[in-house]
Structure formats: structure tokens, C-alpha cells
Amino acid sequence: RARGDLDAAEPLYRRSLAISEAALGPDHVSVAAAASAVASIAKARGDLATAETLYRRALSIEEAALGTDHPEVATSLANLGATLRASNRFSDAEALYRRALGIQERSLGPNHPDVAVTLNNLAALLKASGNPSG
């Protein structure tokens, strides 16, 4: 069933991305959201290279449009971090999670639920990587 859901969702996300790009231009934040949606399908399918490319594109668009300290940028950093973690690129993932955490703490406050999620993701990464520096 999960595979069927991916199969049904992917063409819709890809169509959304194409429409957004055509209507709004390649650098609009709506394009970033659509690219992230397609990336989530690629990641779920195990196509980590495609997911990484699309998450990096979303991050680049958001940083340019919203600034480097925006909560949406933190979300994209965390998504990219999760993809790199799945690729066993623990050091790169850790740097992204730490950057996301800093943005979230500054923009949302240290006790925001999103901060808790990122702390959990960072802890799980450190546990999986065996990194004692935590």
C-alpha cells in the first residue's frame, strides 16, 4: 500500500512542481515547496541522489528568497540532513542539523516543538554515527 501511495503521489507532486515553475519562475518559494515534495518521494523510494539534489535546490531558493535565518530554511536543512544521514554521510548531516537547530532556536525560541524534533534527529544521528562529540 505504501508503494501505491508513492506511485499515486509522485506524478501529482511533479505536476505541481512543473506548474509552479512555469507560472511563478524557478526561484519562487512555492517552487521550493514543490521541489521538497518531490524530494520526499525520491527519498522514500531510496533515490537519495535525486532527493539530495531537490532538497538542495529548495534550500537555495529559500535562502535567496527568505534569508538564511528563516524557519523554512531550517526545515529544508533538516530534510537535507535526513537525506544525508540515510546516505551515511553523518558528518555532513550533523552540520546541517546543527545549523537548522541554531536557526530554530533564534527564530522560534529554545522551547519550540520544532527545536525538540531537531534535537531528537541530531541525537539519533550522533547515536547512529558513534560520534562521541555530541
Side-chain angles (χ1 to χ4, degrees):
R1 165 146 189 177
R3 176 64 61 186
D5 292 344
L6 294 177
D7 290 342
E10 184 175 18
L12 302 177
Y13 281 143
R14 287 192 178 278
R15 183 174 174 210
S16 171
L17 176 58
I19 291 169
S20 296
E21 287 173 322
L24 304 170
D27 299 323
H28 194 277
V29 291
S30 292
V31 172
S36 289
V38 176
S40 72
I41 296 290
K43 183 175 180 283
R45 289 187 186 278
D47 183 357
L48 301 178
T50 298
E52 179 181 351
T53 298
L54 289 165
Y55 280 136
R56 286 191 187 280
R57 179 176 179 207
L59 176 61
S60 176
I61 291 168
E62 289 169 349
E63 286 177 327
L66 303 172
T68 57
D69 256 10
H70 193 279
E72 287 299 317
V73 169
T75 299
S76 287
L77 287 165
N79 288 338
L80 180 56
T83 301
L84 297 184
R85 177 185 175 198
S87 302
N88 294 320
R89 291 163 57 193
F90 296 124
S91 178
D92 293 336
E94 180 181 351
L96 294 170
Y97 280 140
R98 289 190 185 280
R99 185 171 163 218
L101 183 61
I103 291 168
Q104 290 169 332
E105 288 177 332
R106 285 189 303 277
S107 62
L108 303 173
N111 296 314
H112 191 278
D114 288 356
V115 170
V117 170
T118 302
L119 285 168
N120 187 67
N121 290 339
L122 178 58
L125 169 75
L126 294 173
K127 180 181 172 188
S129 71
N131 183 347
S133 71

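Applying the side chain to side chain contact (heavy atoms under 4.5 Å, CB included) criterion to Ala42, with sequence neighbours excluded, gives Asp47, Thr50, Ala51. Taking Glu52 as the reference, Arg56, Arg89 meet the salt bridge (Lys or Arg N to Asp or Glu O under 4.0 Å) condition, with sequence neighbours excluded. Shown here are the salt bridge (Lys or Arg N to Asp or Glu O under 4.0 Å) partners of Arg15, two or more places apart in sequence or in another chain: there are none. With sequence neighbours left out, the side chain to side chain donor-acceptor pair (under 3.5 Å) criterion links Ser76 to Glu62. Here Glu72 pairs with nothing under the salt bridge (Lys or Arg N to Asp or Glu O under 4.0 Å) rule; sequence neighbours left out. Annotation: side chain to side chain contact (heavy atoms under 4.5 Å, CB included) contacts of Thr53 (sequence neighbours excluded): none.
Both Ile61 and Val38 sit in one connected hydrophobic cluster of ILVMFWY residues. Membership requires side-chain heavy atoms under 4.5 Å apart, directly or through other members. Grouping the Ile, Leu, Val, Met, Phe, Trp and Tyr side chains by contacts below 4.5 angstrom, directly or via other members, places Val29 apart from Leu59. Linking ILVMFWY residues whenever their side-chain heavy atoms come closer than 4.5 Å, directly or via other members, leaves Leu101 and Ile103 in distinct clusters.
Summarising the geometry, atom OG belonging to Ser40 is positioned 9.5 Å from atom CD belonging to Glu10; distances are rounded to the nearest 0.5 Å. One finds the CG atom of Leu77 at 6.5 Å from the CD atom of Glu63 (value rounded to the nearest 0.5 Å). Separating the CG atom in Leu80 from the CG atom in Leu54 is a distance of 11.0 Å, to the nearest 0.5 Å. Atom CD in Gln104 sits 10.0 Å away from atom CZ in Arg106 (nearest 0.5 Å). For the atom pair OG of Ser60 and CG of Asp27, the computed distance is 7.5 Å after rounding to the nearest 0.5 Å. In this structure, the separation between CG on Leu126 and CZ on Phe90 is 10.0 Å, given to the nearest 0.5 Å.
Under the 4.5 Å side-chain criterion, counting only non-hydrogen atoms from C-beta, Ser107 is not in contact with Asp69. Side-chain contact between Val73 and Thr68 is absent, with no heavy atoms from C-beta onward closer than 4.5 Å. Side-chain atoms of Glu105 and Thr118, non-hydrogen and from C-beta on, never get closer than 4.5 Å to each other.
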Kindly determine whether Val117 and Asn121 satisfy side chain to side chain contact (heavy atoms under 4.5 Å, CB included), including the steps that lead there. CA-CA 6 Å; Val117 170; Asn121 290 339; 3.8 Å; yes

Kindly determine whether Ile41 and Arg14 satisfy side chain to side chain contact (heavy atoms under 4.5 Å, CB included), including the steps that lead there. CA-CA 10 Å; Ile41 296 290; Arg14 287 192 178 278; over 6 Å; no

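Minimum interatomic distance between Gly25 and Val31 (heavy atoms only, all atoms of both residues): O-CG2, 3.2 Å. Residues Ser30 and Leu24 share a closest heavy-atom pair of CB-CD1, 3.6 Å. Residues Ala78 and Tyr97 approach most closely at O-CE2, 3.6 Å, considering heavy atoms. Shortest non-hydrogen contact noted between Val115 and Pro110 is CG1-O, 3.5 Å. Residue Leu122 comes nearest to Arg98 through the heavy atom pair CD2-NH1, 3.8 Å, listed as atom of the first residue, atom of the second, then distance.
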